[in-house]
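Beneath this line is the structure, given in structure tokens, with notes to follow.
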Amino acid sequence: MNSGEEKIFSELNERQRQAVQTVAGPVLIVAGAGSGKTKTLTHRVAHLLSQGVPASAIVTLTFTNKAADEMKQRITALLSEKEKLTVKIPFIGTFHKFALSILRSHARTIGHEQNFSIYDELDSCAATKQALERLDYQENARAIYKKISFLKNRGDTLGNGRLPKKLQTIYEEYEKILLEQNAFDFDNIILKAVELLEKHPEILNMYYGRYTHFLIDEYQDTNKPQYELLRLLAGKHNNICVVGDDWQSIYGFRSADYRILLNFEHDWPEARTFYLEQNYRSTQNILNASHGVISKNVARTEKKLFTENPSGSLVSVTQFVDEQHETLWIKEKIFSRLGEGINLPRIAILFRTNVQSRIFEDMCIQERIPYQLIGAFKFYKRKEIVDIVAYLRAIHNPKDGAALERIINVPPRGIGAASIARLKKEQWNSEKLTPSPSANRIQTFFTMMAQIRDKAQKLTTKGLIEHVVHTIEYKQYLDPNTDEGQERWENIQELMRIAETFSSTETSGLGEFLHALQLLQDADELDSSKEKLTLMTLHGAKGLEFDTVFISGLEEGLLPHNRSLSIPDQLEEERRLLYVGMTRAQTQLHLTLCQTRYIHGSLQYNIPSRFLQDIPPLYAEFVYQTGTPRTYAGEDGLLYEYQRDREDDEDIVLLG
DNA sequence: AGAAGATAGCTTTTT
DNA sequence: GCTATCTTCT
């Protein structure tokens, strides 16, 4: 064993070490919250490399770019200085990025051209709208697109399930449009890769030769098409290692199916399973309180997390009369935490829905607490970025209808809605539009695009953006004399910088840049280096940890959310969501709730979340307002009246 | 073509 | 009550 090997194993506990060392065959790692999941996965990759598995034969799949980046960094950190120079880092990226690489190599085999576009949700809605127009249906394009996307994610593709006739017709037309416009929507990136490998055994065989080892992070988030892709690719060598935690499956609403994880041993009968149950993150009280909550779920693996950490302070559960009082209390707690030397980046406020963030933002502004609201502004969704990217797309793929529709009259060139509608009907063939009043202007536009396209060959991506922006006089259009225009112009410059760094790191042209951009939807990263308080949804908190965590709004109707009350599966997911939130906390966990709260403008009276009843009183301190029924679920599943003697429950003294 | 007015709808979210 | 989107008006 060389020094690199020693390093790989010395940092691991026994279970983790076994999971890393079992190199051949299918491996399932059920990794509880805070049990060193990413560590195990990265060490496994490092171990494979040290065993002589070529980097080019290893594929590590994640669900987000963020997770992929983190893993890349951690693997690099594991390699010795010598190895850093000699060993290549294997493919680590999202399912979509990986599937895209397959599509790029074989686009023609499935009827697309090399320069295909990737349609994001907005583009796909536009394509759906066009399908509806062609069919002369009046339906709402967004709703229909969502339905189609839902079906695809569930694996109910065309000719597969029995869809209502009308929906089937729209779906078919929509797919036709994507093909005409030489585009894939997000879902088709996976689906078409699966289809390709199913229909072309010789191509699949080629990939068998290329990739021998697969590792998948957050396996509980896999949906059916992604699972099928894995079955195909890993089906020959069976060296597939999946890591996940069914207790933390919170993306069922987008067809992630934790049962895929539960079925792993059935799917791969040779599988070895390892449970990582030692938690390195939280105090015993936090862990036990969380366990009380999650253990009420029926569909789950059986495991019991333990920790060698101290028991710590009790979890607090506090009810307020309204959200003003709730916020005030949280604010005071934050300040006292700061006084104890816990700085802002180690504190987070979590909530179920985005609207709940507002009152905390107001609090931060008033108290001059620097904060970051995760999931708020998205760089690539800004109008000016989408506009310029649409130009690039239309230059790269002249059939990109979604992009053309977006830019043909931006900046305004006097091409009206009627002309655009007719152009769409003629599949953007401008020659068929001679009688139109704006025929000349349309002609000018297409001539301009053709000229830019010619020039694009000789330009870098950054140079091309500069050329486009100059040609269409975009800066003038933004009006940099206004604050807003100024900011937008700065965003364009930021896009140029991104293009510059991209072309210097990857040997690539416009196509690769555009594909990467389309798969990089969010640019807002959690930035723990800055002195900022974190505000985010419970979903956003997965995979993160904070010293002190506040979870606000533990009320029936909010958590569990109203929409999931009548659906048992969704209720279990709500419970997992709370579990995920609770297990983010290292030393302090505060759950808060209100008797009244303004929701959609009207005052609502809320009762405590049913999940609170499942927190064993031994690990938590409950402070409820007068008149609130106080019960908890005992070990036997029955409800008991809350017994703790607290005379001062009625009068909660609010600080400030 | 862009601003003002009307209206619907309102959970979570990555690619 | 807020806000995103559609309609209507100038």
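Order of the sequence lines fixes the chain letters, A, B, ..., with proteins taken first and strands second; residue numbering starts at 1 for each chain. Heavy atoms only: backbone and side chains are in, while hydrogens, waters and symmetry mates are out.
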* Taking for each residue the nucleotide of DNA chain B with the nearest heavy atom, is it A/Phe186 or A/Phe253 whose nucleotide lies nearer the 5' end? -> A/Phe253

* Look at all strands and tell whether A/Tyr598 reaches a base, only sugar-phosphate, or nothing, counting heavy atoms closer than 4.0 Å. => nothing

* Structure fact -> Looking only at B/dT15, B/dT13, B/dT11, the nucleotide nearest the A/His96 side chain is B/dT15

* To do: Please confirm whether A/Arg576 makes a cation-pi placement over A/Tyr258, using NZ or CZ under 6.0 Å from the six-membered ring centre and within 45° of the ring normal.
  => yes

* Asked: Could you give the CD1-to-P distance, from A/Ile567 to B/dT11, as a whole number of Å?
  -> 12 Å

* Name the residue closer to the 5' end of DNA chain B, choosing between A/Ala417 and A/His561 according to the nucleotide with the nearest heavy atom. => A/Ala417

* Asked: Have A/Gln130 and A/Gln181 got a donor and an acceptor in their side chains that come within less than 3.5 Å?
  -> yes

* Separation between the C1' atoms of C/dT3 and B/dT14, rounded to whole Å -> 23 Å

* B/dT15 C1' sits how many Å from A/Asp221 CG, rounded? -> 13 Å

* Asked: Hey, is the side chain of A/Thr537 poking within less than 4.0 Å of OP1 or OP2 on B/dT13, counting only N and O atoms?
  -> yes

* Asked: Tell me: CG of A/Leu122 to P of C/dT5, nearest whole Å?
  -> 8 Å

* **Atom C1', compared across C/dC6 and B/dT11: separation rounded to whole Å** => 24 Å

* Between A/Ser255 and A/Asn153, does any side-chain donor sit less than 3.5 Å from a side-chain acceptor? -> no

* **Interatomic distance where CG belongs to A/Leu61 and C1' belongs to B/dT15 [whole Å]** => 13 Å

* A/Lys66 has an atom NZ; how far is it from atom C1' of B/dT15, in whole Å? -> 15 Å

* What is the nucleic acid contact for A/Asn354, judged by heavy atoms within less than 4.0 Å: base, sugar-phosphate only, or nothing? -> sugar-phosphate

* Selected nucleotide, minimal atom distance to A/Thr64 side chain, candidates B/dT15, B/dG2, B/dC10 -> B/dT15

* Which part of the nucleic acid does A/Glu121 contact within heavy-atom distance under 4.0 Å: base, sugar-phosphate only, or nothing? -> base

* Asked: Closest to the A/Arg358 side chain: B/dT15, C/dT3, B/dT13?
  -> C/dT3

* So do A/Phe320 and A/Ser552 actually touch side chain to side chain, heavy atoms under 4.5 Å? -> no

* Donor-acceptor pair between A/Glu121 and A/Tyr145 side chains, under 3.5 angstrom -> no

* Structure fact -> Whole-Å distance, A/Ile250 CD1 to B/dT12 P, equals 13 Å

* Between atom CZ in A/Phe150 and atom P in B/dT12, what is the gap in whole Å? -> 17 Å

* Asked: Is a side-chain donor-acceptor pair under 3.5 Å present for A/Glu218 with A/Gln220?
  -> yes

* To do: Looking at every strand, decide which applies to A/Gln226 at a 4.0 Å heavy-atom threshold: base, sugar-phosphate, or nothing.
  => nothing

* Base B/dT11 to side chain A/Arg563, donor-acceptor N/O within 3.5 Å cut-off -> no

* What nucleic acid atoms does A/Asn409 come within less than 4.0 Å of, heavy atoms only: base, sugar-phosphate, or nothing? -> sugar-phosphate

* Structure fact -> Between CZ of A/Arg352 and P of B/dT11 the distance, given in whole Å, is 9 Å

* To do: Ignoring backbone atoms, test whether A/Asn65 places a side-chain nitrogen or oxygen under 4.0 Å from the OP1 or OP2 oxygen of B/dT15.
  => yes

* Asked: For B/dT11, is chi within 90° of 0 (syn) or not (anti)?
  -> syn

